[in-house]
2 protein chains.
Amino acid sequence: MVTDRDQVLRAAASLLVRNHGASMTEVAEAAGISRATLHRVVPNRDALLDQLLWLGLGETVAALTTAEPETGEPLAALHRVILALTPVAELFRFVTTQPLDETTPEFQVGYHALDERLTALFRRGQASGAFRSDLPATWMVDALASLLFAAALAARAGRLPGNDNPRAVIDLLVGGVTRGETE
Amino acid sequence: MVTDRDQVLRAAASLLVRNHGASMTEVAEAAGISRATLHRVVPNRDALLDQLLWLGLGETVAALTTAEPETGEPLAALHRVILALTPVAELFRFVTTQPLDETTPEFQVGYHALDERLTALFRRGQASGAFRSDLPATWMVDALASLLFAAALAARAGRLPGNDNPRAVIDLLVGGVTRGETE
DNA sequence: CATTACTGAGACGCTGCTGTCTCAACCGTG
DNA sequence: CACGGTTGAGACAGCAGCGTCTCAGTAATG
């Protein structure tokens, strides 16, 4: 039996995004291994966090890329993006909640590129008239990220059926970004 | 010069909601006092967390009460609620992110009452037809809490002008909860 | 069967944080 | 001025968590 490194990292990310102060013992438990084995997977906590950042960035970028945010109608693209990012919501959140000034310049480059692709999607929608222009595109990105994570937590807590996860985010966000407020 | 206990607690909450693992030294720094003085304000970390929970719950409930969610049109009530909760978004978030099973039964009673009042507002809106019924009211509460905090973070980071804070949440959430999705 | 690889348990030394405490400095008041 | 209250700095002991390491047990393979 060989430890599934990928599964360990994912379990670690899932725990740490909700409880950043979890001890290595708690991380190991969440991953179903002993602390000694966790230390065989990663040399220390710093290395673990670093690897999680790159895993999170890689996975999020890959998911976003499959959604092709740069092509087609902005609204349809947003749908695809939400669908694609939903399974990686926790990893995405992990990436967006690490203090950037504690990361390497390379990571920051990757992070900003990701952020820019999402922002560009909302800007494209604004330019085309499909999305409202009275709210900053950057705020829409924040809202997207926030709602994705909230949906992940709600699903984890059983407050949203798992199948409704993307639906919930799509319905709320799309309604919010496509409409002017009704008074 | 006497330490402003209330200000210390607020600064502590603000830091701890973003970095739950911050040390007592970091909390003291955020509050502008020494660690020794922090220990004069609260006997230990557990007591600090406990007091923050009650401060957060108290402030959130008070803010919500001024908004009168139970009266008037649901949409107007939601506006008032967002306006009222915006200044206490961090405290509200602190309350909603503490593991409930680590709190006292009294606190849980207060927390559930708060949650129920918000849920009831969305349910009232659904019953009246003002809000969509295809998403759970509990999810709308989650989304509200999430967006309030996201807006607070964005404002803190300078990504939203402070004055636009409630606007951003109102616009997004109201659009999301009042509309069926456009396809 | 023997061998190899992997794992968990636990011991160990070190470090950072915690709570406790003392003391000097400072401020406000009578 | 003297006094009382408050504060920050820093020392100290204790502890949890960390990283390191050993060893026995287990599983897989030839």
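Residue numbers start from 1 in every chain, and the chains themselves are labelled A, B, ... in the order their sequence lines are given, proteins ahead of strands. Side chains are part of it too, since the values below use all heavy atoms of this structure and drop only hydrogens, waters and symmetry mates.
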For a side-chain hydrogen bond (donor to acceptor under 3.5 Å, both in side chains) check, start with the C-alpha distance between Ser133(B) and Gln126(B), then their side-chain angles and the critical distance, and finish with the verdict. CA-CA 5 Å; Ser133(B) 301; Gln126(B) 291 177 329; 5.0 Å; no
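- Between the side chain of Arg35(A) and the base of dG19(D) there is at least one donor-acceptor pair of N/O atoms closer than 3.5 Å.
- Residue pairs satisfying the ring pair (Phe, Tyr, Trp, His ring centres under 6.0 Å) criterion with at least one member in residues 98-133 of chain A, sequence neighbours excluded, are listed as follows: Trp54(A)-Phe107(A), Phe122(A)-Phe131(A).
- Remark: P of dT7(C) and CZ of Arg5(A) are 12 Å apart, rounded to the nearest angstrom.
- Along DNA chain D, the nucleotide nearest to Ser34(B) and the one nearest to Arg40(A) differ in position, and the one closer to the 5' end is contacted by Ser34(B).
- Whole-Å rounding puts the His39(B) NE2 to dT22(C) P distance at 16 Å.
- Remark: Thr66(B) engages Ala84(B) in a side chain to side chain contact (heavy atoms under 4.5 Å, CB included) (not counting sequence neighbours).
- For DNA chain D, the residues of residues 43-54 of chain A within the heavy-atom distance limit of 4.0 Å (strictly under) are Pro43(A), Asn44(A), Arg45(A), sorted by number.
- Contacts of Glu73(A) classified as side chain to side chain contact (heavy atoms under 4.5 Å, CB included), with partners at least two apart in sequence or in another chain: Ala76(A).
- Applying the ring pair (Phe, Tyr, Trp, His ring centres under 6.0 Å) test to every pair with at least one member in residues 10-35 of chain A, sequence neighbours left out, gives no pairs at all.
- Under the rule for a side chain to side chain contact (heavy atoms under 4.5 Å, CB included), the partners of Arg10(B) that lie at least two apart in sequence or sit in another chain are Asp6(B), Leu55(B), Glu59(B), Leu91(B).
- Applying the salt bridge (charged side-chain N to carboxylate O under 4.0 Å, His left out) test to every pair with at least one member in residues 91-106 of chain B, sequence neighbours left out, gives no pairs at all.
- Near DNA chain C, meaning a heavy atom under 4.0 Å away, the residues from residues 19-28 of chain B are Ser23(B), Met24(B), Thr25(B).
- The distance from atom CD1 of Ile33(B) to atom P of dG10(D) is 17 Å, rounded to the nearest whole Å.
- Counting only residues at least two apart or in different chains, side chain to side chain donor-acceptor pair (under 3.5 Å) contacts with residues 136-145 of chain B comprise Arg159(A)-Asp142(B).
- In this entry the distance linking CG of Leu38(A) with C1' of dC6(C) reads 15 Å, nearest Å.
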